[in-house]
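Note that the structure is predicted; figures quoted are calculated from it, not measured.
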Number of protein chains: 2
Amino acid sequence: MNEKDFLASYNASAYNTPKGLPVDICMFTITSTKKQTVRKVLPTRDIKILLIKRKGHPYKDMWALPGGFSKEEESLYEAAKRELKEETNIGDDVHIEQLKTVYYPGRDKRGWMPTVVYFALVNEKYLQNMQAADDATEAKLFTVEEALSMSLAFDHHDIIQEAYDKIKEKMLTTSIAKEFLEDEFTIAELLQVLQVVVPEFKVEKSNFIRKMVSTETRKGLLEEVRLENGDHKMSDRNSQREARLYQFSDHMPKVSIYNSTLF
Amino acid sequence: MNEKDFLASYNASAYNTPKGLPVDICMFTITSTKKQTVRKVLPTRDIKILLIKRKGHPYKDMWALPGGFSKEEESLYEAAKRELKEETNIGDDVHIEQLKTVYYPGRDKRGWMPTVVYFALVNEKYLQNMQAADDATEAKLFTVEEALSMSLAFDHHDIIQEAYDKIKEKMLTTSIAKEFLEDEFTIAELLQVLQVVVPEFKVEKSNFIRKMVSTETRKGLLEEVRLENGDHKMSDRNSQREARLYQFSDHMPKVSIYNSTLF
DNA sequence: ACAATAGTGTCTGTAAGACATTATGTA
DNA sequence: TACATAATGTCTTACAGACACTATTGT
């Protein structure tokens with residue numbers, strides 16, 4: 001059956017879910033791949049998004065955001081989490097946040113079809129067993145750049161663009177960078193992750209490393225990880241020389257365009 | 001009929017709107033009232049929110065957010081705007097923005113009932129002819145503090161709290177303060193409006209007035225209004241001595257917790 | 001010894017905030 | 001002339017960014 005026949009035979013009200021809403025998920029991750037170099041260096045990192053290939057009409061065989069319908073007995077948040085889990089088999093330790101709800105006439109050829117969009121930030125370590133999840137649906141990670149250059153189902157291009165813009169903003173104003181990092185990370189890793197998502201964020205690495213811990217207004221944002229004996233905990237995973245490890249603290253500074261002092 | 005009888009007789013599916021969604025609106029405004037003083041001073045300003053008194057069950061006679069159902073032939077944004085207009089009779093020149101969509105089991109005694117929440121920032125000058133709008137429904141402005149201390153219908157307390165938190169954040173990181181100001185405003189007015197919404201934002205007025213225009217990173221955020229002859233346009237509406245008038249420019253700086261320079 | 005990353009020293013320009021002072025116009 | 005607000009002067013401390021330099025360790 002082609003799409004035209006499908007739409008002609010489609011009974012919109014049969015698909016309407018009076019007690020649930022369509023939920024779509026923009027799942028972002030940052031993959032890291034080892035560089036083939038003589039010495040240890042930072043891995044190559046890329047920001048990626050999960051897409052699935054549609055099995056049915058409309059937009060059959062096109063790539064789209066994963067999603068599904070929420071149920072009456074679950075919250076929208078729970079629905080998003082469930083859908084993501086069905087697709088990726090990840091655990092509960094995921095940052096998932098509502099982006100927006102979309103409806104305007106004509107957004108779905110089938111008629112009335114809103115969608116509640118969530119975005120998720122998932123550490124690549126949770127995506128190891130993704131294939132096992134559901135091999136009936138073809139799911140694949142694309143770089144965000146790639147995804148945005150493709151022709152996608154529905155208005156998913158615009159949704160991804162908006163989700164990505166949101167993440168770029170939150171990357172610099174909250175501590176969500178931690179979702180993409182190990183529990184304990186070096187400042188070079190932090191900077192790399194920030195710049196993978198927000199290339200416009202330009203600072204000199206050596207200054208960044210120092211200022212993140214030395215400047216008074218930034219104190220409390222990161223904590224140095226210490227060993228029992230009080231020494232700095234170090235890692236040499238990215239370099240010959242060991243680097244100090246850090247964690248985000250609970251302290252979340254706020255920012256303002258009216259004076260750039262954090263408070 | 002009391003609420004218990006009402007719920008017993010309530011047929012949820014009759015109210016379900018397969019082709020529309022409930023939309024609620026947090027409409028904020030800042031009222032200004034002249035102080036009774038010998039000399040001209042800044043008015044007293046208060047951040048207020050619009051509530052309506054519910055005419056029917058559930059939560060009959062309690063204060064609640066204004067809202068209604070979106071239609072298939074309009075976007076959610078248009079629905080929010082329409083609902084707000086029905087309530088307040090304001091024009092199209094309104095900042096209205098989606099906050100979030102809420103559903104969790106039990107949020108409405110009638111069963112499945114999500115809501116798409118919008119917040120609106122409306123200048124008080126547009127609310128002059130509010131009474132004319134629809135005198136069947138009782139609508140009233142409450143200070144946000146007051147509203148949050150009241151017992152409200154549904155989970156509207158939590159929704160208002162979240163909307164207010166969002167506005168506080170956006171107040172300091174975007175130029176939405178302009179929604180509450182005249183087209184041309186003094187820096188003292190700007191600061192007052194900022195502090196009415198975000199009391200934690202503390203700066204010394206004389207420094208603020210200077211730094212807003214003199215500091216390099218803030219240049220471009222505000223523009224001095226000039227007369228034809230190049231002189232500063234001034235106003236003495238709040239003081240004996242005239243103050244310079246400003247406008248927000250198109251330039252929107254971004255902020256970061258990782259370095260507090262705007263870019 | 002070299003390569004690559006980690007981290008420090010030092011200097012310049014600018015911002016934030018405290019506090020004092022001057023400017024302006026009306027009751 | 002008194003007063004309330006507008007705006008500037010001045011000073012201290014701190015941050016951002018540039019750039020040079022040292023530190024560490026595996027190959």
Side-chain angles (χ1 to χ4, degrees), chain A residues 34-44 172 185-192 201-222 224-225 231-246 253 255-263, chain B residues 34-44 172 185-192 201-222 224-225 231-246 253 255-263:
Chain A
K34 281 212 181 76
K35 281 208 187 95
Q36 294 306 320
T37 49
V38 179
R39 290 181 184 73
K40 281 184 280 190
V41 294
L42 280 170
T44 302
L172 295 184
F185 51 86
T186 68
I187 298 207
E189 290 170 340
L190 168 61
L191 180 57
Q192 191 194 22
F201 184 74
K202 291 191 171 67
V203 288
E204 223 222 356
K205 181 141 79 174
S206 68
N207 282 333
F208 188 72
I209 287 175
R210 174 180 26 191
K211 301 290 172 64
M212 278 306 295
V213 282
S214 74
T215 51
E216 200 55 43
T217 47
R218 225 89 53 215
K219 285 230 184 90
L221 179 55
L222 295 187
E224 298 172 334
V225 183
D231 285 358
H232 287 285
K233 189 167 173 192
M234 316 286 282
S235 162
D236 64 351
R237 59 188 178 231
N238 304 314
S239 55
Q240 329 314 317
R241 180 174 171 181
E242 294 197 311
R244 292 186 192 149
L245 290 171
Y246 295 83
V255 283
S256 152
I257 57 174
Y258 295 107
N259 77 351
S260 51
T261 301
L262 313 181
F263 68 96
Chain B
K34 282 213 181 73
K35 281 207 185 95
Q36 295 305 321
T37 50
V38 179
R39 290 183 183 72
K40 282 185 278 189
V41 294
L42 280 170
T44 303
L172 295 184
F185 51 85
T186 68
I187 298 208
E189 289 170 340
L190 169 60
L191 179 58
Q192 191 193 23
F201 184 74
K202 291 191 170 67
V203 289
E204 221 220 357
K205 181 142 80 175
S206 68
N207 282 332
F208 187 71
I209 287 175
R210 172 180 27 190
K211 301 290 172 64
M212 278 307 295
V213 282
S214 75
T215 49
E216 201 55 43
T217 47
R218 225 86 54 216
K219 285 227 184 93
L221 179 56
L222 295 186
E224 299 171 333
V225 183
D231 285 357
H232 286 285
K233 189 167 175 192
M234 316 286 281
S235 162
D236 63 352
R237 59 190 179 228
N238 304 315
S239 56
Q240 328 315 316
R241 180 174 172 182
E242 294 196 311
R244 292 184 193 151
L245 290 171
Y246 294 84
V255 283
S256 153
I257 57 173
Y258 295 107
N259 76 353
S260 51
T261 302
L262 313 181
F263 67 96

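Counting heavy atoms from C-beta outward, A/Asn259 and B/Lys211 have side chains that stay 4.5 Å or more apart.
Note: CG (A/Asn259) to P (D/dC15) measures 14 Å, nearest angstrom. Rounded to whole Å, the distance from OH on B/Tyr258 to C1' on D/dC15 is 18 Å. Nucleotide D/dA23 holds its C1' atom 15 Å from the NE2 atom of A/His232, rounded to whole Å. Here the P atom of nucleotide C/dA18 and the NZ atom of B/Lys202 are 12 Å apart, to the nearest Å. Counting to the nearest Å, the P atom of C/dT24 and the CG atom of B/Asp231 are 14 Å from each other. Nucleotide C/dA16 holds its P atom 13 Å from the CD1 atom of A/Ile257, rounded to whole Å. Note: CD (A/Glu216) to C1' (D/dT12) measures 15 Å, nearest angstrom. B/Gln36 has its CD atom 15 Å from the C1' atom of C/dA27, to the nearest Å.
Applying the side chain to side chain contact (heavy atoms under 4.5 Å, CB included) test to B/Arg210 and every residue at least two apart in sequence or in another chain returns B/Asn207, B/Ser214. In this structure, the side chain to side chain contact (heavy atoms under 4.5 Å, CB included) partners of B/Ile209, at least two apart in sequence or on a different chain, are B/Ile187, B/Lys205. Here B/Ala243 pairs with B/Thr186 under the side chain to side chain contact (heavy atoms under 4.5 Å, CB included) rule; sequence neighbours left out. Residues passing the salt bridge (charged side-chain N to carboxylate O under 4.0 Å, His left out) test with A/Glu204, sequence neighbours excluded: none. Partners of A/Lys233 by side chain to side chain contact (heavy atoms under 4.5 Å, CB included), not counting sequence neighbours, listed by chain and number: A/Glu184, A/Val225, A/Leu227, A/Leu245.
B/Glu204 comes within contact range of at least one nucleobase, with a heavy-atom separation under 4.0 Å.
Side-chain to base pairing of B/Arg210 with D/dG9: one donor and one acceptor N or O lie within less than 3.5 Å of each other. You'll find a donor-acceptor pair under 3.5 Å spanning the side chain of A/Lys211 and the base of D/dA16, going by distance alone. Counting distance only, with no hydrogens placed and no angle test, the side-chain atoms of A/Asn207 and the base atoms of D/dA18 include a donor-acceptor pair under 3.5 Å.
One finds the CZ atom of B/Arg237 at 11.5 Å from the NZ atom of B/Lys34 (value rounded to the nearest 0.5 Å).
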Identify the pairs formed between an N or O of the protein and an N or O of nucleotides 3-7 of chain D at a distance under 3.5 Å, and give each distance.
from, atom 1, to, atom 2, distance (Å)
D/dC3, O2, B/Arg39, NE, 3.4
D/dA6, O3', B/Glu242, O, 3.4
D/dA6, N3, B/Arg241, NH1, 2.2
D/dA7, OP1, B/Arg244, N, 2.8
D/dA7, O4', B/Arg241, NH2, 3.4

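Checking D/dG9, C/dG9, D/dA16 against the side-chain heavy atoms of A/Thr215 singles out D/dA16 as nearest.
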